[in-house]
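Fair warning: this is a prediction, and the values are worked out from it, not measured in the lab. We name chains A, B, ... by the order of the sequence lines, and we start the count at 1 in each one.
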Amino acid sequence: MDDFLAARLQMAFSLGFHIVFACIGMVMPFFMSVAHFYWLKTRKAVYKDVTKAWSKGVAIFFATGAVSGTVLSFELGLLWPKFMEHAGPIFGMPFSLEGTAFFIEAIALGFYLYGWNKVNAWFHWFTGVVVGISGLLSGILVVAANSWMNSPSGFDYIDGKYLNVDPIKAMFNDAWFSQALHMSVAAFVSTGFAVAGVHALMILRGRNVIFHSKAFKIAAIFGTVAACLQPLSGDISAKDVAQRQPAKLAAMEAHFHTEKNAPLIIGGIPDTLNKKVDYAIKLPGVLSFMATGDFNGEVKGLDQIPKKDQPPVAVTHYAFQIMVGLGMAMVLIALLYFIALWKKRSWLGSKWLLKLFILATPLGFIALEAGWTVTEVGRQPWIIHGVMRTADAVTPMPGIAYSFYLFTGVYISLAIIVSLLLYRQITMVGKLYDSSSDHPKN
Amino acid sequence: MIYVVIVFLWTSILLYILLGGADFGAGIIELFTSEQNRSKTRKTMYEAIGPIWEANHMWLIIAIVILFVGFPKIYTTISVYLHIPLVCMLLGIIARGTAFVFRNYDAVKDDMQKLYTPIFVYSSLITPFFLGIIAASSVSGQIDVQAPDFLSAYVFSWLNWFSVTVGIFTVSICGYLATIFIIGQADNEESKAHFIRKAKRTVLVVMASGALVFIAAYFEHIPLTNWIFGGWPGITAIVAASISLIVLFYMLYRNRPILLRLLAGFQVTMILFAATYTHFPNIVLLKNGPNLSLLLHQGQTKTIDTLGYALLTGSLFILPALFYLIYIFQQKGSETDDH
Ligand code: HDD
Ligand code: HEM
Ligand code: HEM
């Protein structure tokens with residue numbers, strides 16, 4: 001494997017691994033705080049049990065998220081030194097603020113996990129909320145750094161030099177808002193569906209039903225509400241991409257030719273040689289509408305982009321289809337759930353609804369990874385859009401392939417151990433957490 | 001503003017060595033503790049370190065962020081030429097952080113513990129070892145930006161006796177910090193006496209490995225003696241550290257755990273000071289070509305200014321919260337450990 005490819009894959013794996021833990025670390029504290037709030041208000045033991053069980057999960061995810069994040073902050077230099085040499089001082093602002101946010105998060109988590117019965121009950125609850133808020137803030141900040149790579153600003157690029165650096169302007173670049181919004185909502189969708197799915201499975205199996213029903217409801221409401229907001233935010237993102245990165249939009253849509261009244265292409269197999277998409281469903285004018293707000297608007301195709309500046313089409317296109325398809329599937333499930341909540345209470349305990357949620361457990365995270373693939377692969381061949389090529393940024397050290405194998409092995413083993421740990425937490429609920437256990441033998 | 005940033009950088013590194021070091025030391029002394037005392041040591045350490053260990057770890061991140069935002073050339077030079085030890089350190093960090101959590105949060109305590117514990121202990125040893133190697137290599141003048149081949153560019157930049165002995169020295173410092181720390185945590189006279197005996201032994205190890213560093217420096221033609229004893233600040237720092245060590249020995253049997261920790265922290269601070277002040281502002285010494293300096297290789301003024309303000313504002317939030325956290329969990333005898 002050549003070093004450049006290895007470096008890209010290693011970066012992609014590390015980020016793809018980290019993002020799962022980061023999202024859970026961002027969102028679970030909110031679930032936890034809601035359960036904790038009910039416990040303080042109602043004094044029903046089951047809410048305390050749920051809170052405690054979840055806080056164990058948060059601790060496991062936090063630690064894994066923290067170490068994988070630490071690896072990332074080194075990897076930026078280990079793999080992309082030329083990039084960091086120039087970009088560091090420009091897009092570093094969000095990272096330095098993020099340091100503060102992480103720190104507060106880590107401190108608040110210390111209070112939260114170890115503070116039961118040691119500090120005032122509401123102060124204790126509040127530290128849980130702080131964990132969530134600072135986690136969310138740090139997520140928004142890193143995404144601001146990433147959006148700068150899509151939409152570089154805050155400096156003048158003259159004769160290969162980066163002059164007049166303005167870190168604040170770089171942080172509030174054109175893409176940060178749409179990306180930060182979309183990412184934050186995505187974190188709620190994916191964590192909400194994943195957690196709800198696991199609890200749904202336990203309900204279906206008749207284990208500690210009261211416990212799991214309360215937990216399910218909290219997670220499901222967060223997840224479904226966010227799922228309905230996601231297409232709206234995705235639309236903002238799409239318009240934004242159309243403006244600043246037409247090449248990315250064209251790759252996402254496998255849109256080879258510039259045209260007015262451009263169709264939205266759903267599914268299909270892009271054929272880059274003959275510049276067409278086979279077996280696709282085409283909705284005339286919809287792409288023009290999505291990108292420009294007008295069914296007759298002109299959308300730039302790949303034909304306007306020099307060959308050497310085109311991103312890989314197939315990967316970007318498939319990833320985009322997966323994200324949008326799964327997003328829509330989750331909207332459907334959300335709607336069914338709302339109907340159940342408001343009109344058909346009888347559906348709530350029904351097997352099919354639970355099964356639907358069980359099936360949906362991984363969908364949010366798959367959509368999330370797909371979405372990042374769209375953003376990152378769609379940015380290629382640039383590491384800083386329009387300024388620096390990824391190939392020019394890679395480290396001169398040979399043998400990166402070995403480092404790639406090594407880290408891949410590490411991440412796979414970590415993923416296995418974390419799954420085992422979670423499985424054990426969940427199967428031990430009856431013994432460890434459920435004080436009102438309806439199945440005492442568990 | 002550049003000096004504010006440099007102070008933050010130095011302080012973050014110091015705090016990482018002190019707090020993170022005590023934390024690594026916990027794993028290291030577990031390795032050197034006999035079977036029957038091991039679970040006792042582990043439990044005591046866990047109670048003391050659990051609440052703050054995440055936060056300890058953040059100092060490293062702060063230092064890295066300051067480096068890549070404020071001093072990108074320094075950050076990238078280190079990342080390129082010390083790639084291999086950095087990767088080793090990262091593997092240590094991953095293994096240790098996760099093993100710590102796994103062994104304390106696994107819902108079922110079974111044979112998996114036999115897997116977590118060795119990972120935890122050995123990675124506690126490896127991480128500071130490579131940290132020491134990295135620190136030593138950046139000043140040992142072995143980094144060669146014009147190296148003709150792989151070995152001299154990416155391996156001999158860090159694989160030499162000086163770096164290795166500094167690695168060992170760092171490990172023993174961590175063990176020392178942890179033993180001093182744990183004395184105050186002991187809840188009965190017997191284990192206290194046990195930890196005091198340990199502390200005395202680690203002092204000897206620290207001294208011996210420190211001597212090794214000087215010997216290695218001599219053979220590698222690194223003017224370490226000159227750096228440290230060549231001017232009054234270095235001499236003062238070393239004398240102050242020695243005096244405080246004597247005071248510490250005197251205090252070992254009195255019941256003053258906080259004072260002991262402060263003294264040990266003071267000694268390490270002095271060592272770091274003596275080791276860094278002669279180079280200032282250079283922090284990476286190269287074999288061929290100009291040394292990398294915190295003053296000459298800083299980012300543009302606007303970057304440094306915003307970085308400085310961000311750090312100052314951040315510390316307004318962080319420091320009070322951190323002190324409050326440490327204070328709350330130092331209140332001993334607080335009732336049931338109910339997490
Ligand atoms: C639960 C996950 C999830 C779901 C259901 C969706 N997305 Fe998404 N999408 C993401 C998760 C995500 C993401 C992983 O979070 C990305 C990557 C970068 C970013 O800002 O968000 C993303 C990026 C992303 C981009 C590229 C933004 C850029 O490069 O700046 C567009 C245009 C969309 N999305 C559009 C949509 C649309 C129209 C959806 C309709 C349902 C949708 N997304 C659902
Ligand atoms: C956590 C969610 C993220 C995921 C899943 C992700 C995914 C990816 C993928 C798949 C690639 C490889 C693209 C290719 O080479 O074809 C990549 C590259 C990269 N990403 Fe991201 N990314 C994420 C967030 C970020 C953030 C927040 C940053 C920086 C602030 C970032 C910086 C980079 C860099 C520097 C590269 C390598 C250069 C390149 O290939 O363009 N990524 N990422
Ligand atoms: C290049 C990209 C990234 C870098 C360099 C990075 C860096 C880090 C670091 C250093 C930590 C450890 C902090 C601690 O000890 O608490 C961390 C954790 C975290 N990161 Fe990332 N990160 C990146 C991408 C992302 C992305 C894309 C997100 C989310 C949108 C994110 C969100 C988080 C969160 C929420 C945590 C806290 C850990 C937890 O609560 O589980 N990071 N990250």
Side-chain angles (χ1 to χ4, degrees), chain A residues 52 55-56 59-60 62-64 66-71 73-74 76-78 81-82 84-86 88-90 92-93 95-100 102-104 106-111 113-119 165-168 395-398 403 406 410 414 417 420-421 424-425 428 432, chain B residues 50-52 54-55 57-58 60-62 64-66 68-70 72-73 75-80 83 86-87 90-91 93-98 100-102 105-108 112 150 153-154 299-300 302-303 306-307 310-311 313-314 317-318 321-322 325 328-329 331 334-339:
Chain A
K52 288 212 167 180
S55 74
K56 287 276 173 91
I60 296 172
F62 188 88
T64 323
V67 291
S68 58
T70 310
V71 173
S73 50
F74 282 90
L76 285 174
L78 291 175
K82 305 261 166 52
M84 288 309 283
E85 192 175 329
H86 298 294
I90 310 174
M93 186 67 194
F95 283 110
S96 35
L97 294 174
E98 191 200 12
T100 305
F102 281 149
F103 224 126
I104 292 174
I107 294 172
L109 190 72
F111 274 114
L113 291 179
Y114 297 84
W116 290 94
N117 305 336
K118 286 191 183 152
V119 291
V165 169
D166 182 348
I168 309 273
T395 178
M397 188 175 112
S403 134
L406 190 68
V410 169
L414 277 185
I417 302 190
L420 176 79
L421 244 61
R424 290 178 161 191
Q425 289 283 343
M428 294 291 279
L432 292 177
Chain B
I52 50 170
E54 274 292 350
H57 181 82
M58 284 306 302
L60 177 64
I61 318 260
I62 303 272
I64 288 302
V65 169
I66 295 179
F68 79 57
V69 177
K73 184 83 197 155
Y75 169 78
T76 52
T77 308
I78 295 178
S79 318
V80 171
H83 191 120
L86 278 167
V87 166
L90 286 178
L91 292 176
I93 289 179
I94 299 182
R96 184 173 191 282
T98 45
F100 178 86
V101 176
F102 293 167
Y105 284 95
D106 197 339
V108 189
M112 285 299 278
F150 183 85
Y154 303 110
Q300 294 178 20
K302 198 138 181 199
T303 303
T306 31
L307 178 60
L311 291 169
T313 329
F317 287 99
I318 292 167
L322 190 61
L325 178 70
I328 290 274
F329 291 100
Q331 310 280 41
S334 39
E335 64 286 14
T336 51
D337 190 22
D338 187 15
H339 55 263

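Using a 4.5 Å cut-off between heavy atoms, B:L60 contacts chain A through its side chain alone, with no backbone atom that close. For a residue to count as touching a neighbouring chain, one of its non-hydrogen atoms must lie under 4.5 Å from one of that chain's; by this rule B:F68 touches chain A with backbone and side chain alike. With a threshold of 4.5 angstrom between heavy atoms, B:L91 approaches chain A through side-chain atoms but not through N, CA, C or O. Using a 4.5 Å cut-off between heavy atoms, B:I94 contacts chain A through both its backbone and its side chain. Contacts between B:I62 and chain A at a heavy-atom distance below 4.5 Å involve the side chain alone, from C-beta outward.
Every residue two or more places apart in sequence or in another chain was checked for a side-chain hydrogen bond (donor to acceptor under 3.5 Å, both in side chains) with A:T395, and none qualifies. For A:K82, the salt bridge (Lys or Arg N to Asp or Glu O under 4.0 Å) test picks out no residue, with sequence neighbours left out.
Contact between A:S55 and A:L113 at its shortest, heavy atoms only, is O-CD2, 3.6 Å.
Between chain A and the residues B:V65, B:L90, B:I93, the most heavy-atom pairs under 4.5 angstrom are made by B:L90. Across B:G70, B:P72, B:A310, B:A95, the residue that shares the most heavy-atom pairs under 4.5 angstrom with chain A is B:P72. Listed options A:I104, A:V410, A:L414 were ranked by heavy-atom pairs under 4.5 angstrom with chain B; first place goes to A:L414.
One finds the OG atom of A:S96 at 13.5 Å from the CD1 atom of B:I61 (value rounded to the nearest 0.5 Å). For the atom pair A:F102 CZ and A:F62 CZ, the distance stands at 8.0 Å (nearest 0.5 Å).
Put simply, the side chain of B:Y75 gets close to the backbone of A:G77: a donor and an acceptor are under 3.5 Å apart.
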